[in-house]
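Working notes, structure below.
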Amino acid sequence: MPNPEFVTREPKPDPRGPTLTEDTQLSSLSDGSLVERSADGDAAAFGVLIHRYGPLMRAYAARILGHGDGEADDAVQEASLLAWQRIDTVEEPDRVRTWLFRIAANKALDRLRRRHPHLDLEALPEASEDRPVDEVVATRMQVDALAGVVQNLPDAQRAVWVLREIGGASYAEIAEQTGLSAASVRGLLARARRTVLEQMEGWR
């Protein structure tokens with residue numbers, strides 16, 4: 001599929017009704033409708049999707065990367081291009097937000113791998129117990145303080161923590177995205193959670 005910035009097509013009648021050309025009209029469409037139009041080559045509809053979710057994708061990528069606004073921006077730009085190229089493969093159009101976040105996460109993880117080529121090869125023991133995030137952390141801690149703690153986690157721990165606690169990814173999905181074993185994912189997540197809980201104790 002061509003780059004959306006250079007899409008040129010002969011206008012054709014739309015069997016779904018009049019063509020929506022104004023941004024305000026497109027912005028009123030559901031995610032599912034925008035995905036369908038994007039899959040048909042409507043670059044403007046895809047642009048609305050990226051405008052809708054781009055800032056959240058950037059924030060998600062930045063949390064995984066830990067620092068470097070430019071890296072997060074680049075990851076989202078790469079993710080957006082890949083999403084445009086593959087938009088016609090979306091199986092659940094109404095859940096495109098999750099699909100976009102997964103692509104953004106993968107691009108951020110690619111950058112972590114380039115930063116630490118052997119990061120994903122570390123074998124860690126499986127945690128003996130999967131402990132949920134402390135309720136105090138989830139509901140009562142100050143957002144800035146939590147963000148600071150997460151940012152200072154080692155790269156691998158931060159990545160799995162963000163994918164699990166912010167992205168809601170399953171252990172199997174995290175393992176697939178990071179290239180780690182399920183045991184390593186659980187071990188990294190347990191260490192990250194323990195560090196977060198310990199450092200957030202003072203904010204009770």
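FYI, side chains are in, hydrogens and waters are out, and symmetry mates aren't considered; it's all heavy atoms of this structure.
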In a check of side-chain contact (heavy atoms from CB on, under 4.5 Å) between Gln85 and each of Asp88, Thr89, Leu81, which one passes? Leu81
Give the minimum heavy-atom separation between [X] and [Y], together with the two atoms involved.
X: Val48; Y: Ser27; value: CG1-CA, 4.0 Å
X: Trp99; Y: Ala83; value: CH2-O, 3.4 Å
X: Ser181; Y: Ala175; value: C-CB, 4.3 Å
X: Leu189; Y: Trp161; value: CD1-CA, 3.8 Å

Examine Arg37 relative to Phe46 and say whether NZ or CZ is less than 6.0 Å from the centre of the six-membered ring and inside a 45° cone about the ring axis. no
Lys/Arg cation over aromatic Tyr60: Arg58, 6.0 Å, 45° cone: no
Would you say Glu78 has more than 12 foreign heavy atoms packed within less than 6.0 Å of its CD? yes
Are the side chain of Ser184 and the backbone N or O of Leu180 linked by a donor-acceptor pair below 3.5 Å? no
Donor-acceptor contact below 3.5 Å, side chain Arg158 vs main chain Leu65: yes
With a 4.0 Å cut-off, would you call Arg52 and Asp31 a salt bridge? yes
Lys107 and Gln77: CA distance, side-chain angles, deciding distance, side chain to side chain contact (heavy atoms under 4.5 Å, CB included) verdict: CA-CA 9 Å; Lys107 290 302 180 182; Gln77 188 173 30; over 6 Å; no
